[in-house]
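A short write-up of the structure that comes next.
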Amino acid sequence: MTKHPIPDRDAAATLGVALRSVGYSEDGVYDLLGEDAYSADRDDAPVHDRRLPQTRLATTVRVFFLQLPVSRRDVVQALGDRGVETLEATGLAEVAEGVAPRARILPIGELLLASDGFSRDAEDPPDYVATYTPTARVLDSLTPRPRVERALDVGTGSGVHALFAARHAQHVVATDVNARALAYTELNAALNGLSNVETRLGSLFEPVAGETFHLVTFNAPYVVSPERRWAYRDSGFEADEISERVVREAAEHLADGGFAALLVSWLASDEDAPDERVLEWADATGCDSWILPTLGSDPLDHAAEWNSHLADDPEAFGAALDEWTRYFDDLGVRWVSEGAVLLHRQPGRPPATRVDAVEEDDLDDAADQILRAFEARARLSELTEPAELLDARLSAAAPMSLEQELDPSEEGVAVSGAHVQLAEGTNTSLEVDPRVLDVIASLDGGEPLRDVIQATADRLGLSDAQTAKLQKDALRVSRELLELGALRFR
């Protein structure tokens with residue numbers, strides 16, 4: 001087992017100050033390496049190295065972003081003697097005549113995040129600690145961030161989600177079965193000047209038995225796999241049991257008014273009904289829930305995705321595919337889904353569940369959208385009849401694009417369809433009747449929805465039957481947009 005890092009908080013805090021003093025930030029990296037800097041891998045490092053000038057920031061990028069060895073003299077010039085000493089004290093680099101990095105430190109937003117860095121694929125040790133991965137970005141985007149008293153990050157890894165939570169929570173507890181992960185979390189907290197993060201060793205929620213929190217996050221090893229190879233990927237649980245347990249136990253640890261943002265995976269025996277299991281889990285929590293599938297695939301594609309590190313070895317790749325698909329066949333699985341389950345504990349009323357597929361690549365920061373969505377659902381639950389929404393005053397809560405589809409023909413151009421496209425957050429798109437666009441565009445909170453619909457019908461010269469249809473369609477779309485956090489009650 002690899003021993004580094006060493007969670008020397010004083011040294012890490014000093015290193016964080018030194019890195020920021022040379023401008024080591026996302027903008028600094030992009031300025032030197034271009035817009036594809038963060039999508040590069042280890043093989044790209046030598047090419048990126050040639051792009052770098054001889055400056056203090058460039059030296060810092062070489063060592064901590066590209067994980068390349070650099071002379072001790074250059075690192076001293078960049079970070080000072082004390083900066084080099086901190087690398088030895090934390091175990092983040094081997095220091096002699098040269099400085100050979102053992103870890104990677106990435107600027108992520110306002111954070112500096114140390115981890116094991118570039119993966120060596122099959123050579124990664126079982127306790128490998130991953131960096132800011134695509135799934136980490138998904139969870140970051142889908143975590144609501146109200147000011148809270150206590151937060152919990154389960155399976156914390158490098159601690160990135162604990163650090164994000166530490167900026168809006170008074171106290172954060174981070175748990176993991178991997179002691180090296182907790183060492184990185186402690187080091188990263190100090191690296192960012194955060195003193196409100198506590199680490200606890202143990203599986204899932206065991207270290208916090210009997211405690212409740214106002215925010216729970218989870219991006220741990222939810223991959224459904226027959227293997228027990230890596231702590232960050234393979235849970236050791238059968239099938240999707242870890243995901244079921246996490247959804248259930250996260251709800252049990254939520255304080256009233258609390259939120260949970262959980263990345264999980266679920267299985268289906270019928271690809272035409274892919275979400276039955278996760279819906280059952282969510283319904284059993286007693287919380288309002290929002291299920292956001294991000295990826296669905298058959299067992300073979302799932303196996304190929306999670307064994308892509310073996311693609312250059314056809315024999316090993318084929319053996320892995322055989323093992324994984326046989327495992328799914330034995331379970332009777334025909335479809336594998338991955339995505340987020342968002343929970344909000346609101347006692348005193350029946351919980352509601354919603355499912356919306358989202359595209360990972362289209363996700364922006366949806367934190368505020370999620371808060372608005374759950375707030376709107378609470379208001380909607382107070383309506384005794386759906387038609388009562390007609391008396392509500394509504395307005396836009398987020399940027400939206402109202403789009404018409406035009407169909408040219410010999411007779412002219414006709415409107416063949418229309419969409420409401422959210423322009424931030426989940427970037428969800430709704431197909432609507434074209435006339436509904438006029439209603440949505442007129443919602444400014446000044447008049448009840450009923451009056452806005454009637455004014456639109458009068459302006460368009462609609463018959464009574466057409467007005468009745470417009471009212472029905474506009475009511476449905478308005479409710480959808482409220483539940484998506486795109487409209488708000490005024």
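Counting only distance, with no hydrogens or angles, the side chain of Arg372 and the backbone of Gly485 share a donor-acceptor pair below 3.5 Å. When atom types are taken as modelled, the side chain of Arg180 and the backbone of Asp127 share a donor-acceptor pair closer than 3.5 angstrom. Listed for the Arg150 side chain is a donor-acceptor partner under 3.5 Å among the backbone atoms of Thr212. Looking only at distances, no side-chain donor or acceptor of Arg326 sits under 3.5 Å from a matching main-chain atom of Leu321. A donor-acceptor contact shorter than 3.5 Å is absent between the side chain of Arg56 and the backbone of Val22. No donor-acceptor distance shorter than 3.5 angstrom exists from the side chain of Ser401 to the backbone of Glu403, with no hydrogens or angles considered. Remark: the backbone N or O of Ala130 is not paired with any side-chain donor or acceptor of Asp116 at under 3.5 angstrom. In this structure a side-chain-to-backbone donor-acceptor pair under 3.5 Å is present from Asp176 to Thr156. With hydrogens and angles disregarded, no donor-acceptor distance shorter than 3.5 Å links the side chain of Asp49 to the backbone of Leu68. Listed for the Arg82 side chain is no donor-acceptor partner under 3.5 Å among the backbone atoms of Ala11.
At a threshold of 4.0 Å, the pair Glu244-Arg277 counts as salt-bridged, since one of the basic side-chain nitrogens sits closer than that to a carboxylate oxygen. Here Arg167 pairs with Glu110 in a salt bridge; the nearest charged N to carboxylate O distance falls below 4.0 Å. Arg354 and Glu480 are joined by a salt bridge, as a carboxylate oxygen and a charged side-chain nitrogen come within less than 4.0 angstrom of each other.
To the nearest 0.5 Å, atoms CD (Glu249) and CD1 (Ile242) are separated by 10.0 Å. The CD atom of Glu186 lies 3.5 Å from the OG1 atom of Thr199; values are rounded to the nearest 0.5 Å. Once rounded to the nearest 0.5 Å, the distance linking CD1 of Ile105 with CG of Leu111 reads 12.5 Å. In this structure, OG1 on Thr325 lies 6.5 Å from CG on Leu300, to the nearest 0.5 angstrom. Here Leu422 contributes atom CG and Ser429 contributes atom OG; the two are 8.5 Å apart, rounded to the nearest 0.5 Å. Atoms CG and CG, on Leu484 and Leu430 in that order, are 5.5 Å from each other to the nearest 0.5 Å.
Defined by atom type and a distance below 3.5 Å, a donor-acceptor pair is missing between the side-chain atoms of Glu149 and His171. Residues Thr217 and Thr143 have side chains that never bring a donor and an acceptor to within less than 3.5 angstrom of each other. If you check the side chains of Asp275 and Trp266, you find a donor sitting under 3.5 Å from an acceptor. Side chain to side chain, Gln369 and Thr426 meet the donor-acceptor criterion of an N or O pair below 3.5 Å. Between the side chains of Thr294 and Glu338, not a single donor N or O lies within less than 3.5 Å of an accepting N or O. Side-chain atoms of Asp140 and Tyr132 include a donor-acceptor pair closer than 3.5 Å.
Taking the centre of each ring, Tyr30 and Tyr38 come in below the 6.0 Å mark. In this structure, His302 has its ring center closer than 6.0 angstrom to the ring center of Phe328. Ring centroid separation for the pair His253 and Phe205 comes in under the 6.0 Å cut-off.
No cation-pi contact links Arg104 to Phe64, judged by a cut-off of 6.0 Å to the six-membered ring centre and 45° from its axis. Relative to the six-membered ring of Trp290, Arg377 meets both conditions, a distance below 6.0 Å and an angle of at most 45° to the axis.
Surrounding CD of Glu94 are at most 12 heavy atoms belonging to other residues, nucleotides or ligands under 6.0 Å away. Around CD of Gln421, the count of heavy atoms belonging to other residues, nucleotides or ligands within 6.0 Å exceeds 12. Applying the 6.0 Å contact sphere to CD of Glu252 captures more than 12 heavy atoms from other residues, nucleotides or ligands.
Contact between Ser158 and Val129 at its shortest, heavy atoms only, is N-CG1, 3.7 Å. Here the shortest heavy-atom pairing between Phe374 and Leu342 reads CZ-O, 4.0 Å. Of all heavy-atom pairs between Leu371 and Pro146, the closest is CD2-CD, 4.1 Å.
The side-chain hydrogen bond (donor to acceptor under 3.5 Å, both in side chains) with Asp288 is formed by just one residue from the set His344, Gln346, Arg345; it is Gln346.
Applying the side chain to side chain contact (heavy atoms under 4.5 Å, CB included) test to Ala316 and every residue at least two apart in sequence or in another chain returns Leu310, Asp313.
Judged as a salt bridge (Lys or Arg N to Asp or Glu O under 4.0 Å), not a single pair has a partner in residues 254-271 (not counting sequence neighbours). Pairs of residues two or more places apart, or lying in two chains, never qualify as salt bridge (Lys or Arg N to Asp or Glu O under 4.0 Å) while including a residue from residues 16-45.
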